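Let me begin by presenting the structure, written as structure tokens, before commenting on it.
Sequence positions, counted from 1, serve as the residue numbers for this chain. Please read all numbers here as calculations on a predicted model, not as lab measurements. Values below: all heavy atoms of this structure, side chains included; hydrogens, waters and symmetry mates excluded. Counting starts at 1 for both ligands and their atoms, following the listed order.
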Amino acid sequence: MSVVKIEMMNETHIDGILEIEKKCFPDEPWTRKMFESELENMISAFIVGVDENSGDVVCYGGMWIIADIAEITNIAVAPNAQRQGLGEKTLNILLDVCRERGLAAVNLEVRENNAAALGLYEKLGFEAVGRRKKYYNNKHDAILMTKNLQR
Ligand SMILES: CC(C)(COP(=O)(O)OP(=O)(O)OC[C@H]1O[C@@H](n2cnc3c(N)ncnc32)[C@H](O)[C@@H]1OP(=O)(O)O)[C@@H](O)C(=O)NCCC(=O)NCCS
């Protein structure tokens, strides 16, 4: 795989992001407006990985920072680029930003049957701390996970 460069999201990334978003979240993809509003949102930090050879967007991840807590809002890797460490790289960069800013913790929600995401979060030290029953399509529970950055 060629080198993937991580950049802050800008308007030029959004077409590529939307392609991945539709494939990764076919039931409920974020819309163009939602990504555009992240660009304007002062509490949002949103990063994108771009393949240096092709110029294609291959991964992205974002969070909201409120006081000393971050909430991961989205993270995805293009299906043809998964299982090559890009999800881990993206999340680690978001965690580095949180550490640099001295945040206390990072929270997120994940669907109970999303084995890939659960595996990634557990590998990076997130712990399950709660559950929202039938949160997704009134069917699947959401697992609430947190990573304490102060210990
Ligand atoms: C979740 C996702 C971002 C992981 O990205 P990725 O680049 O494929 O993951 P990585 O290659 O960085 O893997 C890091 C770790 O995650 C776990 N993991 C990744 N894919 C996995 C899978 N299919 N099954 C189980 N564990 C998996 C493993 O622990 C892996 O570490 P290892 O390689 O040492 O085994 C990716 O699968 C994705 O985009 N899924 C669709 C969108 C999504 O569900 N986003 C999360 C919403 S909460």
Query raised in the report: Does some non-hydrogen atom of the protein lie less than 4.0 angstrom from atom 2 (C) of ligand 1?
Result: no
Starting from [atom], locate the nearest protein heavy atom and write down its residue, its atom name and how far away it is, to 0.1 Å.
atom: atom 45 (N) of ligand 1; answer: I75 O, 2.9 Å
atom: atom 42 (C) of ligand 1; answer: F25 CZ, 3.5 Å
atom: atom 34 (O) of ligand 1; answer: K123 NZ, 2.6 Å
atom: atom 13 (O) of ligand 1; answer: E88 OE1, 4.5 Å
atom: atom 48 (S) of ligand 1; answer: Y121 OH, 3.2 Å
atom: atom 25 (C) of ligand 1; answer: A115 O, 3.8 Å
atom: atom 4 (C) of ligand 1; answer: L120 CD2, 4.1 Å

If the cut-off is 4.0 Å to any non-hydrogen atom of [X], which atoms of ligand 1 fall inside it?
X: A76; value: 39 (O)
X: L86; value: 7 (O), 12 (O)
X: G85; value: 10 (P), 11 (O), 12 (O)

Query raised in the report: Does OH in Y135 sit with more than 12 non-hydrogen atoms of other residues, nucleotides or ligands closer than 6.0 Å?
Result: no
Query - Other residues, nucleotides, ligands: >12 heavy atoms within 6.0 Å of Q150 CD - result: yes
Mode of [X] contact toward ligand 1 - side chain, backbone, both, neither (heavy atoms, under 4.0 Å):
X: Q84; result: backbone
X: Q82; result: both
X: Y60; result: neither
X: N114; result: side chain

For [X] against [Y], the heavy-atom pair lying closest together:
X: I20; Y: C59; result: CD1-N, 4.2 Å
X: H13; Y: M8; result: CE1-O, 3.3 Å
X: A70; Y: L103; result: CB-CD1, 3.8 Å
X: M9; Y: L39; result: O-CD2, 3.3 Å

Query raised in the report: Taking a hydrophobic cluster as the set of Ile, Leu, Val, Met, Phe, Trp and Tyr residues connected by side-chain heavy atoms closer than 4.5 Å, whether directly or through intermediates, do V50 and I14 fall within one such cluster?
Result: yes
Query raised in the report: Is F46 reachable from I75 through a run of hydrophobic residues whose side-chain heavy atoms are each under 4.5 Å from the next?
Result: no
Report task. Could you tell me whether a side-chain N or O of Q82 sits under 3.5 Å from a main-chain N or O of V77, the two making a donor and an acceptor? Result -> yes
Shortest reach to [atom] by a heavy atom, considering only [options]:
atom: atom 33 (O) of ligand 1; options: K23, E21, R83; result: R83
atom: atom 39 (O) of ligand 1; options: T90, V77, V110; result: V77
atom: atom 7 (O) of ligand 1; options: A117, G87, G119; result: G87
atom: atom 37 (O) of ligand 1; options: A142, A116, C24; result: A116

**Report entry** D15/R32 ion pair, N-O < 4.0 Å
**Finding:** yes
Report task. Kindly determine whether E21 and Y60 satisfy side-chain hydrogen bond (donor to acceptor under 3.5 Å, both in side chains), including the steps that lead there. Result -> CA-CA 10 Å; E21 183 74 12; Y60 51 89; 2.6 Å; yes
Query raised in the report: Are F25 and W30 an aromatic pair by the rule of ring centers under 6.0 Å?
Result: no
